[in-house]
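Numbering of ligands and ligand atoms starts at 1, following listing order.
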Amino acid sequence: MDETPSLPGLPAPPPLGASALPPGTYDGSLVLVTGGGTGLGKAIAAEFARLGADLVIASRGEHHLRAAQEELASSGGRVTAAVCDVRDPDRISEVYDACGLPDVLVNNAAANFPVPAEEMSPNAWRAVVDITLTGTFLMTREFARRHLAAGTPGSVVNVGASYAWTGGPGFAHSAAAKAGVHNLVETLAVEWGPYGIQVNGLVPGLMPHQDMTDDIRGSLDRAEGHDRRQPALRVGSPRELGWAATFLASPYARFVSGHTLVVDGANWQRRTLVSPPVVPVREQLGREPFAG
Ligand code: NAP
């Protein structure tokens with residue numbers, strides 16, 4: 001008998017627009033969010049804007065950047081849309097030159113699509129690792145070089161994923177890249193702490209949003225009842241990630257560095273007394289047997 005529907009799960013969050021931080025916490029600050037034109041990046045950017053930050057949202061797609069620029073401008077300060085591929089160090093440098101040195105960098109851009117490892121092409125592997133891991137490093141390196149040269153403090157938040165620790169069957173490229181991103185948080189926090197630069201990680205749980213790719217949405221659609229599959233008995237709201245990001249980069253978290261904060265209602269620690277039967281990744285993705 002299924003009794004979970006009668007259980008409350010974790011309470012719903014406060015409504016969009018609420019904030020734990022004082023109004024104006026980010027007045028006079030510039031915050032750069034990569035991939036800030038879509039999904040979780042846009043939700044993170046919106047929370048910084050509500051608290052007074054000026055924003056730079058940076059990614060490759062000019063069309064959705066422009067749309068997000070308009071939407072985010074209604075939450076507060078100035079919003080600049082910068083077309084930038086995070087794999088391109090010269091372009092990153094141009095964006096910092098043109099937009100100014102941000103006080104906060106949120107490395108949110110990533111690429112991902114499910115594929116059994118035996119079918120993953122070298123190009124697919126390279127593309128995901130280059131965007132997610134190398135792109136994060138290049139953005140952060142340039143941010144730190146400029147702050148070190150200027151003698152100014154800064155804060156970096158790297159958006160990760162819990163399969164950095166557990167492995168991610170069906171997502172070998174992204175899971176390996178996110179493990180690298182997690183490791184960078186710990187290395188760079190120590191290297192740059194003496195210069196006033198904090199580096200933290202932020203890991204979302206399942207937070208569905210309208211910009212999810214068809215591939216990811218297709219994988220989710222194959223499993224019904226996502227709320228009941230989480231210990232919280234609900235999925236997360238993008239604003240819950242935004243609130244965590246604004247806390248981590250705020251003056252109230254100045255002694256928090258090298259830490260990765262997981263916002264997933266304890267889903268990644270979930271274990272069962274008796275494991276369900278193993279279903280091979282090919283079968284989970286609805287693929288035919290591998291024929292070579
Ligand atoms: P998303 O909607 O697919 O957003 C990815 C963003 O990254 C897009 O704005 C994309 O813009 C940008 N991007 C991709 N390649 C880029 C490149 N080479 N240079 C610059 N920007 C690039 O993803 P999301 O679901 O919001 O996820 C955001 C972050 O949360 C990611 O780091 C993801 O791994 C992590 N995460 C999400 C979930 C979830 O439930 N949604 C769960 C765990 C972790 P362009 O295409 O215009 O470049």
Side-chain angles (χ1 to χ4, degrees), residues 32-46 56-69 71-72 81-92 94-95 105-114 124 126-140 157-166 168 170-171 173-182 184-185 201-220 223 226 229-230 232 234-242 244-245 260-265 267-268:
L32 190 159
V33 183
T34 64
T38 61
L40 300 186
K42 189 165 69 176
I44 291 171
V56 180
I57 51 173
S59 74
R60 299 162 304 174
E62 187 156 15
H63 179 68
H64 66 67
L65 280 178
R66 295 285 168 220
Q69 183 181 26
E71 195 182 322
L72 289 166
V83 174
C84 177
D85 188 324
V86 295
R87 293 168 290 189
D88 179 348
D90 295 335
R91 181 63 193 143
I92 290 171
E94 286 169 9
V95 168
L105 167 65
V106 181
N107 286 305
N108 162 83
N112 198 9
F113 48 88
R126 279 191 209 103
V128 171
V129 173
D130 278 359
I131 293 171
T132 304
L133 176 57
T134 309
T136 294
F137 177 69
L138 294 175
M139 287 296 305
T140 311
V157 177
N158 287 345
V159 179
S162 59
Y163 50 38
W165 304 291
T166 62
F171 297 93
H173 44 12
S174 172
K178 291 293 191 184
V181 167
H182 171 71
L184 268 181
V185 165
L202 180 62
V203 166
L206 182 57
M207 293 180 172
H209 58 76
Q210 61 188 19
D211 299 318
M212 279 179 147
T213 61
D214 291 345
D215 262 340
I216 302 283
R217 188 172 295 284
S219 293
L220 288 179
H226 291 294
R229 292 169 190 271
Q230 312 275 321
R234 67 173 178 86
V235 295
S237 295
R239 64 182 181 278
E240 296 184 279
L241 192 70
T260 292
L261 177 60
V262 184
V263 185
D264 80 340
N267 194 48
W268 85 269

Task: Numbered atoms of ligand 1 (with element) below 4.0 Å of T38, judged on heavy atoms - done: 1 (P), 2 (O), 4 (O), 6 (C), 8 (C), 9 (O)

Task: atom 42 (C) of ligand 1: nearest protein contact (heavy atom, Å) - done: G205 O, 3.5 Å

TODO: Report the nearest protein non-hydrogen atom to atom 13 (N) of ligand 1: residue, atom name, distance rounded to 0.1 Å.
DONE: A109 CB, 3.8 Å

Open item on the list: Would V86 count as a polar contact of ligand 1, with the cut-off being nitrogen or oxygen pairs under 3.5 Å?
Closed with: yes

Open item on the list: Using a plain distance cutoff, I'd like to know if A111 has any nitrogen or oxygen under 3.5 Å from a nitrogen or oxygen of ligand 1.
Closed with: no

Task: G236 heavy atom under 4.0 Å from ligand 1 - done: no

Open item on the list: Just to be sure I'm reading this right: ignoring hydrogens, which of M212, R60, H209 gets closest to atom 23 (O) of ligand 1? Compare them by their nearest heavy atoms.
Closed with: H209

- [ ] Just let me know how C84 lines up against ligand 1, side chain, backbone, both or neither, with a heavy-atom cut-off below 4.0 Å.
- [x] backbone

Task: Atoms of ligand 1, numbered as shown, that sit under 4.0 Å from any heavy atom of G39 - done: 26 (O)

Open item on the list: Using a plain distance cutoff, I'd like to know if G37 has any nitrogen or oxygen under 3.5 Å from a nitrogen or oxygen of ligand 1.
Closed with: no

Open item on the list: Can a donor-acceptor pair be found, under 3.5 Å and without considering hydrogens, that links the side chain of S59 to the backbone of G35?
Closed with: no

Task: Region of I131 engaging ligand 1 - heavy atom pairs below 4.0 Å - done: side chain

Task: Which residue and heavy atom of the protein sit nearest atom 27 (O) of ligand 1, plus the separation - done: L40 CD1, 4.1 Å

Open item on the list: Geometry only, no angles: is A58 polar-contacting ligand 1 at N/O separations under 3.5 Å?
Closed with: no

TODO: Take every heavy atom of K42, measure it against each atom of ligand 1, and state whether any distance is under 4.0 Å.
DONE: no

TODO: May I ask whether N108 places a heavy atom under 4.0 Å from ligand 1?
DONE: yes

TODO: Go through the side-chain N and O atoms of N107 and T140 and say whether any donor and acceptor fall under 3.5 Å apart.
DONE: yes

Task: Short side-chain to backbone donor-acceptor contact, H173 and F113, under 3.5 Å - done: yes

Task: Whether V159 lies under 4.0 Å from ligand 1, heavy atom - done: yes

